[in-house]
Amino acid sequence: MDKKQINERINKLRQEINFHNYQYYTLDNPLISDYEFDMLLKELEKLEIENPEFADPNSPTQKVGGEITKNFETSKHKFPMMSLGNTYSREELSDFDIRIKKSIGENFKYTCELKFDGAAIGITYTNGKFSKAVTRGDGIQGDVVTANVKTIKSLPLIIEDENIPKEFELRGEIILSHKSFNKINKERAENGEALFANPRNAASGSLKLQNSSLAAKRNLDCYIYALHSEELKFQGHYESLMQAKKWRFKVSEYTKLCNNIDEVFEYIEYWNKKRSELPFDIDGIVIKVDEYEHQETLGFTAKFPRWAISYKFQAERGKTILEDVLFQVGRTGAITPVAVLSPVQIAGTIVRRASLYNSDKINELDLHFGDYVFVEKGGEIIPKIVDVDISSRHPAAYKIIYIDHCPECNTELIRNEGEAIHYCPNSKTCPPQVQGRIEHFISRRAMNIETLGEGRIEVIINNNLVKDIADLYDLKYEQMLGLEKTVIDEETGKSKSISFREKTVSNILTAIESSKSIPYERVLFALGIRHLGETVAKKLSKHFKSINDLRNASFEELVSIHEIGERIAQSIIDYFKNEDNQNLIKRLEQSGIQLEAKEESAEVKGNALNDLSFVVSGVFSKYSRDEIKQIIENNGGKNVSSMSAKTSYLVAGENMGPQKRQKAEELGIPIISEEDLDNMINGNPS
Ligand code: IVH
């Protein structure tokens, strides 16, 4: 290809990728498989690297981020980012409607919108290109968070239209779905980091990440709720949103034009019931007089527009007694205070525990034993104590004092400067830390010794057979055979027996043996080094091909790696400085654990899959979806995006849609797992 053809191909790829991003992230209607999409993106990335003269800051390749912002600049909003007056009842909303009618008469409409519970953002487009994103800040000026917002997949970087105003500004809300929020918190828990209290905090925290490639991984989304341009003349708000929608912005499909206040009440009623079915949080409904002409007449108070108001849903709340506070110790030594409550029904479930986050939160609430507390529960978030009814406190009630020694091993707790969480520093012998580390090590995503799960490892630890992860590899058949324990299942309240019969014991030993072939990058994650999650472990294993190389790395070397910050680097240095850890690694090495990277560990080259075609769907545990596709190709197979009678196999992971399974069954396509695929390649009969 000559340069002209390359340029044309680049432009074509950008257009295609933008279109598929739109189909996938905005319309939730993917037209091609992830694999096909990745291939397009890879081709574009390659062409852009090889032909830097065609680089473009608004190319879809930029959605992965990479920019570092040490200090966020501030920027004044072109017009203030106001907030909304709140109403909490039908009466208050009726009063609003009466006020409006008094001023502008009866001839107008309301636009009703969901009130997204996230972080407000103002985004400017200049000559059809994404140019700036600014947080709300104090309403007058906010922080410039362009690099992070640009990574949001549902936000177009370029608008394809002939009549685009020279400049326009969108206002919207950056949100996190429950699914993405839970994923982030799960990773944070695994890394021993403080959890985000709710998706809103996680979304606004993500906007202030210094490294935009980390923001890109958060899966933020953005709903647009206003479009402003001096050059465009719309009759009203709804029409402007429809224009934004045409330009491929994500405008909620539930935005509705209502003819009168009764229709507004219907909308509110509907969403009050249905909001729990949404995949993200909303905290109310926003009601806006639609016509711009009327908005102008109504104007603003000092703080709010007079033409709009929000109707806030009652948070699902319960009142109950705080019976006790437990201090749980995690595998990294982090202390989590948990409130023990008299059981109370909130939003359809019985709540017995609530999160108290840290000592600052307990002090802020000034909690006493036996207090009547208000507990809120929203979406899939852990219930939290939001308030205390001081008037009903017993005069002699004891104040809850935060512990200063570990409740498990009595070691004095530490709290690092600038951190909210207390830690128990006795990582060596503090029982929940020892057990937590071993449990993490054997977990599915780490060494996958799941046969030791469901309480079995606890029995083994309690019988003093295992004190650290290296001891697992010295376990003997005779030591385990016959062990037994009766436990009470927390969920059902029923007792069940854990017993180590012959079959169980031999399964355990087989799984331990198989774990010796788990690749180095997963071993690195399995070690449970603080702040070292799966992604970081993968990254490190690419730079340091063996644990010895990693151990010898200096702080400077570590932080020079893209995405490895000071906190992670320090944690690695501290880990290897510790003599116990050094001995542990030596013993793991002697047991035959993979502590070096194998060349292309996920890839086995061969022709075992010649002439076979595969559809890969769902989430997998051993490999990523792309790795599976790569393995299929490396072994002579073909990946296809949709099933037909000619498809040889459907490789199914977790969460695969029921339609896919049904279609495979109808067409008679065998459904296989990732293990089956491995077996086919390795010649094992399945
Ligand atoms: S309109 C002048 N519409 O709620 C009117 N705001 O208290 C400006 N919000 O921080 C806001 N969903 O970020 C509007 N559909 C929606 C909204 C919405 C969420 C947030 C907004 C602001 C707060 C207003």
Side-chain angles (χ1 to χ4, degrees), residues 77-88 92-93 96 100 109-123 133-143 145 149 152 154-155 169-177 198-207 220-228 234 236-242 244-245 249-258 264 267-268 270-272 275 278-292 294-313 315 378-379:
H77 296 299
K78 207 162 177 192
F79 50 97
M81 267 177 117
M82 293 199 150
S83 55
L84 293 163
N86 291 324
T87 54
Y88 294 90
E92 283 178 281
L93 194 54
F96 168 78
I100 301 282
K109 289 192 162 97
Y110 286 119
T111 299
C112 284
E113 293 165 18
L114 303 180
K115 187 166 190 301
F116 308 98
D117 200 6
I121 196 81
I123 311 171
V134 184
T135 63
R136 179 169 185 273
D138 59 6
I140 304 296
Q141 56 179 26
D143 291 323
V145 287
V149 175
I152 297 176
S154 61
L155 272 174
E169 186 177 339
L170 296 157
R171 298 253 163 116
E173 197 86 350
I174 308 273
I175 61 146
L176 262 173
S177 68
N198 51 45
R200 179 182 357 106
N201 289 5
S204 51
S206 303
L207 285 182
L220 296 166
D221 206 344
C222 181
Y223 276 96
I224 299 303
Y225 56 67
L227 164 62
H228 302 277
F234 299 112
H237 175 66
Y238 189 81
E239 191 190 342
S240 78
L241 289 184
M242 291 308 111
K245 203 169 185 167
F249 289 98
K250 200 168 196 169
V251 175
S252 169
E253 58 183 306
Y254 305 122
T255 297
K256 189 176 175 212
L257 205 50
C258 292
V264 173
Y267 185 89
I268 290 174
Y270 179 84
W271 283 109
N272 195 16
R275 69 174 158 137
L278 285 168
F280 50 80
D281 280 352
I282 60 170
D283 60 344
I285 298 297
V286 182
I287 301 113
K288 301 171 180 171
V289 170
D290 190 66
E291 297 80 4
Y292 283 157
H294 290 322
Q295 288 189 1
E296 233 166 82
T297 312
L298 289 157
F300 296 85
T301 70
K303 279 200 316 208
F304 313 127
R306 285 201 189 87
W307 44 265
I309 202 152
S310 83
Y311 179 93
K312 294 273 256 202
F313 293 133

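Numbering of ligands and ligand atoms starts at 1, following listing order. Keep in mind that what you see is a predicted model, and the values were worked out from it rather than measured. Just so it is clear, the values below take in all heavy atoms, side chains as well, and ignore hydrogens, waters and symmetry mates.
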Decide whether an N or O pair under 3.5 Å exists between [X] and ligand 1.
X: Glu113; answer: yes
X: Gly172; answer: no
X: Pro305; answer: no

**Study point:** Minimum-distance protein heavy atom relative to atom 21 (C) of ligand 1
**Key:** Tyr225 OH, 3.1 Å
Contact summary for [X] and [Y], nearest pair of heavy atoms:
X: Leu207; Y: Ala119; value: CD1-CB, 3.9 Å
X: Tyr311; Y: Tyr88; value: OH-O, 3.7 Å
X: Ser240; Y: Leu227; value: O-CD2, 3.3 Å

Check your understanding: Looking at ligand 1, does Asn86 have a heavy atom less than 4.0 Å from it?
Key -> no
Review point. Going by the order shown, which atoms of ligand 1 are within less than 4.0 Å of some heavy atom of Leu114?
Key: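 That gives atoms 12 (N), 15 (N), 16 (C) of ligand 1.
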Point to revise | Element-labelled atoms of ligand 1 that are located less than 4.0 Å from some non-hydrogen atom of Glu173 | key: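 Reading through ligand 1 atom by atom, the close ones are 9 (N), 13 (O), 19 (C), 20 (C), 21 (C).
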Review point. How far does NZ of Lys115 sit from CZ of Arg275, to the nearest 0.5 angstrom?
Key: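 Rounded to the nearest 0.5 Å, the NZ-CZ separation comes out at 12.0 Å.
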Exercise for review: Mind checking the CD-OG1 spacing from Glu291 to Thr297? Nearest 0.5 Å is all I need.
Suggested key: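 It is 10.0 Å, given to the nearest 0.5 Å.
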Exercise for review: Ignoring hydrogens, just give me the one of Lys288, Met82, Arg171 whose non-hydrogen atom is nearest atom 1 (S) of ligand 1.
Suggested key: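 It is Lys288 whose heavy atom sits nearest to atom 1 (S) of ligand 1.
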Check your understanding: Does any N or O in the side chain of Asn198 come within less than 3.5 Å of the main-chain N or O of Arg200, such that one atom is a donor and the other an acceptor?
Key -> yes
